[in-house]
Visitor: 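Below are the structure tokens for one structure; questions will follow.
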Amino acid sequence: MRRLALILTSLVPSTVVAQSAVRYEVSVPAPTTRLFHVKAEFPAATRDTLVVSLPAWSPGNYTIQNYARYVRHFAAKNAAGQGLFWDRLDKDTWRIAAHRSDRVTVEFDYLADSIDLSLARVDGDFAELLGTNLFLYEAGQLDRPAEVQFTLPSGWRVTSALPGSGNGPYRAANYHELSDAMTFIGHYSLDSIAVDGKYIRIAVWPAADYTPAVAQAMRDAIGKQAAVENRLMGGPPYDAYTVFFNVIHGPVSFGGGLEHSASQFDIMPANAFADPEGHLGDFMRPLLSHEMFHLWNVKRIRPAEMWPYDYHAEQFTPLLWWSEGVTDYYADLTNLRAGLWTEEQFLDNVQQNIDQVESAPEPWSEEDGSVATWIEEVFVNSSQLYYPKGSLTGLLMDISIRDASDNRHSLDEVTRGLFTRYYHTGKGFRTSDLLGLLKDAGMPNVEDFYQSYINGREPLPYQQVFAKAGITVASTTTSSPFLGVQMGSPQSVIVGVLPGGAAADAGVQAGDTLVSIGDVPVTPSGDWGPQFRDHYRGKAGQPLQIVVRRGKPVTLTGTVRERTVTQYSLSLAKNPDPKAARIWHGMATGTVGN
């Protein structure tokens with residue numbers, strides 16, 4: 001990426017250029033077209049060539065999006081309004097012949113028609129954007145301040161993570177702050193609460209979904225979560241924080257959130273958001289607490305490989321198991337410590353994490369999963385599995401530290417240490433830094449633990465370690481029919497065939513559409529998996545006909561295959577020894593000592 005700087009011919013020092021702000025204007029001229037119109041005015045400082053780019057990805061969403069693909073009608077002009085020649089330097093970058101103009105204005109339309117955590121969207125009388133989507137940056141000038149003005153249809157309002165009001169200007173100290181800023185414009189619900197002297201805003205679209213009952217539930221959850229996490233980390237790291245929320249009533253295949261330095265943006269299907277009485281869906285509280293804890297872990301406590309951000313390409317780090325998985329651990333602890341979850345709910349969630357990790361078809365390491373997050377793995381999606389495995393690893397490390405120190409130290413102080421030693425000194429941390437803090441906190445055999453369970457692929461030591469916190473682990477092993485297919489959308493289309501299953505034995509291929517599996521019919525919207533397993537349990541080796549469609553129906557013959565499945569159940573010991581009781585109480589309350 002640094003090669004872009006080589007074609008700049010001016011000798012003007014960058015410190016002079018950086019004093020002038022880039023001024024942006026965002027408008028929605030015709031909402032039905034689902035287009036933003038963007039103007040960006042850059043100080044060119046009498047240079048011959050100006051090079052500007054849109055990011056290829058958004059921090060927190062580790063996939064290449066190439067936002068430049070949504071751009072049309074790109075144009076550039078000088079301060080006198082005369083058109084300037086431009087061409088493409090690479091997939092995300094434009095080169096403009098500035099002809100020593102003091103300022104260069106770039107304009108373009110941006111298509112915003114997708115439901116996604118890191119993409120802009122215009123939908124009727126509402127629109128949303130993330131800074132990486134619309135705001136061009138100049139190579140080598142990421143420290144330059146910025147101002148954003150909005151020109152909007154009558155009656156539309158703006159809520160942005162950037163400081164400002166009305167239609168603007170909204171100001172950012174540098175491009176990192178600008179690109180990280182989530183913004184809602186148009187019509188939506190807006191609420192706020194105060195926690196520890198700082199305001200948290202809650203913006204929900206559509207507004208009708210933020211009923212009084214839902215408002216009470218969300219205010220209660222967010223307020224309690226913020227208080228717990230602030231207490232853990234030493235206070236809020238923001239002047240104001242915003243929870244941006246989309247409730248989707250049409251078809252959507254996911255729910256989730258994306259963290260930012262002063263906000264979070266969440267998307268949930270309507271049936272998983274809340275019921276008519278205002279009871280939040282099961283995933284809502286862990287989602288909200290997870291994205292909130294990212295305020296510290298990954299937005300501020302950041303792996304060194306991602307400091308600073310490179311918006312032009314992937315930034316590989318082996319530490320996302322900590323950034324995402326241990327954030328999941330603290331999200332769950334937050335709900336327990338805040339009284340939003342019972343002890344049983346916390347342990348049920350730990351059990352679900354174990355089930356996910358143990359169901360992986362082959363061993364994998366958390367570090368490898370961290371690096372592989374940039375691709376969509378076909379056979380083992382370790383970039384998704386590092387959430388539950390990283391959470392379990394956090395729990396194991398926390399118990400180990402508390403046990404070795406008789407509950408005088410904990411993983412909490414390791415997390416705070418990363419915040420004060422690295423973020424507060426303006427740098428990222430490396431694996432060696434983390435291992436050093438774990439040793440300082442008293443965790444025994446840190447190197448062995450790291451090599452076996454984080455860099456290595458050995459099974460996590462649940463029973464051995466959990467017992468030290470009075471957590472009893474029971475397991476049962478059973479055999480279950482194994483078809484061995486990965487399904488796409490709709491749920492009858494096969495996108496992958498796994499070795500060792502009945503499908504591979506019969507010759508099923510990726511791209512086939514399942515019609516039936518023996519006596520079990522397959523429908524695009526039906527959940528046929530449980531019926532298949534119940535019907536063929538205990539029938540390993542028996543003939544099995546699988547009907548697929550490859551342009552026309554094809555009948556394939558194989559045999560029923562089974563695989564061994566271990567299921568876990570967790571509970572608190574009824575009569576734990578005093579030390580184990582102290583450790584559990586310390587984790588559950590965020591305390592150390594007796």
Side-chain angles (χ1 to χ4, degrees), residues 26 60 117-118 120-121 123 125-131 148 150 152 155-173 177-230 233 235-248 256-268 273-274 278 280 284-285 287-296 299-300 331 334 338 340:
V26 177
L117 289 166
S118 66
R121 187 175 181 219
D123 191 333
D125 62 356
F126 169 79
E128 64 200 16
L129 63 101
L130 179 58
V148 183
F150 292 91
L152 302 173
W156 284 33
R157 65 175 171 181
V158 179
T159 300
S160 177
L162 295 174
S165 61
N167 284 352
Y170 291 81
R171 293 184 170 87
E177 182 180 344
L178 176 71
S179 67
D180 187 58
M182 189 69 198
T183 301
F184 274 13
I185 58 179
H187 296 269
Y188 47 90
S189 176
L190 185 61
D191 196 2
S192 66
I193 58 174
V195 181
D196 296 329
K198 299 292 179 69
Y199 276 101
I200 298 177
R201 298 178 297 183
I202 305 169
V204 178
W205 176 85
D209 285 281
Y210 196 67
T211 65
V214 170
Q216 182 177 351
M218 288 191 68
R219 289 164 62 92
D220 177 67
I222 292 169
K224 289 177 178 177
Q225 290 169 347
V228 167
E229 293 184 2
N230 290 344
M233 296 304 297
Y238 49 79
D239 292 324
Y241 183 76
T242 308
V243 176
F244 294 97
F245 217 106
N246 272 189
V247 182
I248 306 300
L258 182 59
E259 68 274 6
H260 303 292
S261 295
S263 67
Q264 62 176 274
F265 174 45
D266 306 307
I267 294 176
M268 285 295 287
F273 174 64
L280 300 181
M284 284 287 292
R285 288 184 179 88
L287 171 64
L288 291 165
S289 58
H290 176 100
E291 301 307 333
M292 187 176 293
F293 197 71
H294 271 315
L295 277 167
W296 294 274
K299 295 311 298 184
R300 290 169 172 83
T334 293
L340 296 168

Visitor: If we ignore hydrogens and angles and just use 3.5 Å, is the side chain of Arg157 paired with the main-chain N or O of Tyr188 as donor and acceptor?
Guide: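 Confirmed, Arg157 side chain pairs with Tyr188 backbone.
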Visitor: List the atom of Ser289, the atom of Ala331, and the distance in Å for their closest heavy-atom pair.
Guide: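 Heavy-atom minimum between the residues: OG-O, 3.1 Å.
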Visitor: Mind running side-chain contact (heavy atoms from CB on, under 4.5 Å) on Asp209 and Val214 for me, showing each step along the way?
Guide: CA-CA 8 Å; Asp209 285 281; Val214 170; over 6 Å; no
Visitor: Does the side chain of Leu288 come within less than 4.5 Å of Gln264's, by heavy atoms?
Guide: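 Result yes, sub-4.5 Å side-chain heavy-atom pair found.
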Visitor: Under the 3.5 angstrom rule, does the side chain of Asp180 hit a backbone N or O of Ser261 as a donor-acceptor pair?
Guide: yes
Visitor: Report yes if the side chains of Trp296 and Asn230 come closer than 4.5 Å at any heavy-atom pair, otherwise no.
Guide: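 Sidechains of Asn230 and Trp296: in contact.
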Visitor: Can you check whether Tyr241's main-chain N or O pairs, donor with acceptor, with Lys198's side chain at less than 3.5 Å?
Guide: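 Checking the backbone N and O of Tyr241 against the side chain of Lys198, no donor-acceptor pair under 3.5 Å is found.
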Visitor: Between Ile222, Thr242, Asp191, which is the residue that forms a side chain to side chain contact (heavy atoms under 4.5 Å, CB included) with Ile200?
Guide: Ile222
Visitor: Measuring only between side-chain heavy atoms, which start at C-beta, is Phe265 closer than 4.5 Å to Leu130?
Guide: no
Visitor: Of Gln225, Lys299, Met233, which is the lone residue that meets side chain to side chain contact (heavy atoms under 4.5 Å, CB included) with Phe293?
Guide: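 Only match with Phe293 under side chain to side chain contact (heavy atoms under 4.5 Å, CB included): Met233.
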Visitor: Taking all non-hydrogen atoms of both residues, which atom of Gly155 and which atom of His187 are closest, and how far apart?
Guide: O-CE1, 3.4 Å
Visitor: Any side-chain heavy atom of Phe273 sitting closer than 4.5 Å to one from Asp266?
Guide: no
Visitor: Specify the closest pair of heavy atoms between Gly278 and Ala213, including all atoms of both residues, with the distance to one decimal.
Guide: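 Where Gly278 meets Ala213 most closely, the heavy atoms are CA-CB, 3.8 Å.
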Visitor: Ignoring hydrogens and angles, tell me if any N or O in the side chain of Tyr199 forms a donor-acceptor pair with the backbone of Val195 under 3.5 Å.
Guide: no
Visitor: Mind listing the closest non-hydrogen atom pair of Ala226 and Asp196 along with its distance?
Guide: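 It is O-OD2, 4.4 Å.
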Visitor: Considering only heavy atoms from C-beta outward, does the side chain of Leu340 approach that of Asp220 to under 4.5 Å?
Guide: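 Leu340 vs Asp220: side chains touch.
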Visitor: Side-chain contact test, heavy atoms from C-beta onward, threshold under 4.5 Å: evaluate it for Phe184 versus Phe245 and give yes or no.
Guide: no
Visitor: Report yes or no: does Arg201 contribute a side-chain atom to a donor-acceptor pair with the main-chain N or O of Phe244 at less than 3.5 Å?
Guide: no
Visitor: For Ile267, run the side chain to side chain contact (heavy atoms under 4.5 Å, CB included) check against Leu287, Ile248, Leu258 and tell me which one passes.
Guide: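 The residue from Leu287, Ile248, Leu258 that satisfies side chain to side chain contact (heavy atoms under 4.5 Å, CB included) with Ile267 turns out to be Ile248.
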Visitor: Has the side chain of Glu177 got a donor or acceptor atom that lies under 3.5 Å from a matching backbone atom of Ala172?
Guide: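 Absent.
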Visitor: Tell me, with the steps shown, if Met292 and Thr334 meet side-chain contact (heavy atoms from CB on, under 4.5 Å).
Guide: CA-CA 10 Å; Met292 187 176 293; Thr334 293; over 6 Å; no
Visitor: State, with a plain yes or no, whether a side-chain heavy atom of Leu295 is found less than 4.5 Å away from one of Arg300.
Guide: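 In short, these two side chains touch, coming nearer than 4.5 Å.
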Visitor: For the atom pair CD1 (Ile202) and CZ (Arg219), what is the distance rounded to the nearest 0.5 Å?
Guide: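 So the CD1 of Ile202 and the CZ of Arg219 are separated by 6.5 Å.
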Visitor: Just to verify, which of Asp123, Ile185, Asn246 counts as forming a side chain to side chain contact (heavy atoms under 4.5 Å, CB included) with Glu128?
Guide: Asn246
Visitor: Could you list the residues that satisfy ring-ring contact (aromatic ring centres under 6.0 Å, His included) with His294, not counting sequence neighbours?
Guide: His290
Visitor: Where do Thr183 and Leu162 land on the side-chain contact (heavy atoms from CB on, under 4.5 Å) test, with the steps shown first?
Guide: CA-CA 8 Å; Thr183 301; Leu162 295 174; 5.7 Å; no
Visitor: Provide the closest heavy-atom pair for Gly256 versus Leu117 in the form atom of the first, atom of the second, distance.
Guide: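 For Gly256 versus Leu117, the nearest heavy atoms are O-CD2, 3.6 Å.
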